[in-house]
There are 2 protein chains.
Amino acid sequence: MTADKKTQCLEDLRMRILTQEIAPGSDLDEATLCDRYGMSRTPMREILQRLGGEGYVDLTQNRGAKVASMDLPVLRTFFQTAPMIYANVARLAAENRKAGEVAPLKAIQERFRAATQAGDAAEAALQNHRFHLAMGEMAHNPYLLPSLKRMLIDHTRLSQTFYRPASEDEAARVVTACAHHDAMIEAIERQEPGVIVDLTIAHWNLSRDRLERFVSPDPLPIDVLPMKDREDAV
Amino acid sequence: MTADKKTQCLEDLRMRILTQEIAPGSDLDEATLCDRYGMSRTPMREILQRLGGEGYVDLTQNRGAKVASMDLPVLRTFFQTAPMIYANVARLAAENRKAGEVAPLKAIQERFRAATQAGDAAEAALQNHRFHLAMGEMAHNPYLLPSLKRMLIDHTRLSQTFYRPASEDEAARVVTACAHHDAMIEAIERQEPGVIVDLTIAHWNLSRDRLERFVSPDPLPIDVLPMKDREDAV
DNA sequence: GCAATACAAAATGTATACATTATGTATTCA
DNA sequence: TGAATACATAATGTATACATTTTGTATTGC
């Protein structure tokens, strides 16, 4: 069916961008894509428009679509912002999750585990993406979700390197990350916001160094957003 | 020119939704809009698609566009999330603002002040929207901006009531809000993140009660997201 | 030989005709 | 009379032709 074909195309393009099969900064030619996915320009343009809104691609007037780039100044703010968004989304997921939402999360986690064990970095990164996106949806907060989705795009693109461990220590980190996911599921199931916030911070710290090193060989001193402890405010 | 007409139409629709000239939940008929704005369906559909991505309208397969509704369960998360997003965006704006960005902010603030003094609630809400959006752009953080924009949609729609004061006390609050903006500009200009965070919290608290009362006559006990004071993490 | 301009080719943007899906109404059958 | 189905109508989705804008190339003038 036509609507399904469009959804599939959209999902496929997202996936190819997330795995860097289509590199950051690449030009996306309408005609080529139409040919590849067997549809006319009108629905394809809608898809590109939508990918633009989600932050997967950059659109410029009369100059087509480019896959969103990952330049250093922007990525610096990524490391600044990620823990705040992730921690708060996780907390809300534990608080607001519905009963039927835990099983699908477990299913994703199984696929994630399988991919890490098979050493399939792209698939692991994708399933990790789906895992955190599912958690984001369990938070039931439409205001935070857009930022989470935006972060996960770059996080997933960066994390390819994390799932391609180059040493014993790095391999162990992947195993720990997988265990974190299991513990997160349990914390969500039991609705323990405090637990999942701690887990999320640990999860973030586990991969942060590796990701940063990928961004710049000389690690920058990143001062992450400190949020003052205000009773009246946040 | 054609591109400009599209931009104007997009901006006009945003405005009409923000001022509730088009009510939450309203159906948007393509043909009617095409007629009104003098363009064909193709660019109009792109506009609706874009408004959908931004959270102004909800799109459903084969069933057109509806202006995003403002239901109570969702608005509860609005009050939960707003201070966190606002405070962090403000902090980043003070830290990352560029020199040339302060003047435009001042210009918006003048229009805001004029609208409040003229008692034009819709215009005041719109200029307040533009003010906080401009601050958001000064934060130079593409990850937080989507959530800020999403919040500002509902905030602006709710805030109409705030700028239509029904008592001396409420009128005084509007004056205070205006003074807050002035102080924020100064804090941004001087790059004082601590100051602007305090101001932002005060600014939020000033309008919160009034907005909440508009949402539900019986004010709910809102427990705002507390962010633990972690050295290692956030 | 270099720069600037004019032209051609390719790509993006728009309008419209056609296809498909949803919806409301009327008719038929129990 | 009520429910269900078939049909008509309206609205959304897609394909394509046409318009506009950009960009690369070649030619001309200095």
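Order of the sequence lines sets the chain letters (A, B, ...), proteins ahead of strands, with each chain counted from 1.
- In this structure, B/Q61 places its CD atom 15 Å from P of C/dT20, rounding to the nearest Å.
- Counting only heavy atoms from C-beta on, A/T42 has its side chain closest to C/dA15 among C/dA15, C/dG13, D/dG13.
- Remark: the B/D120 side chain and the B/Y163 side chain contain no N/O donor-acceptor pair separated by less than 3.5 Å.
- Among A/R150, A/M84, A/M151, A/Q80, the single residue meeting the side-chain contact (heavy atoms from CB on, under 4.5 Å) criterion with B/L144 is A/M84.
- Inter-residue side-chain proximity for B/L75 and B/L211 is flagged as unmet; no heavy-atom pair is nearer than 4.5 Å.
- Comparing C/dT21, D/dA15, C/dT12 against the side chain of B/N62 picks out C/dT21 as the nearest.
- Note that the CG atom of B/L13 and the CZ atom of B/R50 stand 12.0 Å from one another [nearest 0.5 Å].
- Across all strands shown, A/R63 has heavy atoms under 4.0 Å from sugar-phosphate atoms exclusively, and none from any base.
- We find that CG of B/D4 is positioned 15 Å from P of C/dG13, with the value rounded to whole Å.
- Near DNA chain C, meaning a heavy atom under 4.0 Å from it, residues 28-37 of chain B has no residue at all.
- Within the 6.0 Å centre-distance limit, the rings of A/Y86 and A/H155 are counted as a close aromatic pair.
- Distance, B/M44 CE to C/dT16 P: 14 Å, rounded to whole Å.
- The CE atom of B/M39 sits 14 Å away from the P atom of C/dG13 (whole-angstrom rounding).
- As a whole-Å value, the separation of B/R41 CZ from D/dA15 P is 14 Å.
- Comparing C/dA17, D/dA15, C/dG13 by their nearest atom to the side chain of A/R45 picks out C/dG13.
- Taking atom CG of A/L48 as the reference point, atom P of C/dA11 lies 15 Å away to the nearest angstrom.
- C/dT20 atom P lies 12 Å from atom NZ of A/K5, rounded to whole Å.
- Put simply, A/S40 has a side-chain N or O that comes within less than 4.0 Å of OP1 or OP2 on D/dA15.
- Here the side chains of A/M138 and A/I188 are in contact, with some heavy-atom distance below 4.5 Å.
- Taking atom CG of residue B/D27 and atom P of nucleotide D/dA10, one finds them 17 Å apart after rounding to whole Å.
- Between A/W204 and A/F79, the two ring planes are tilted [angle within 30° to 60°].
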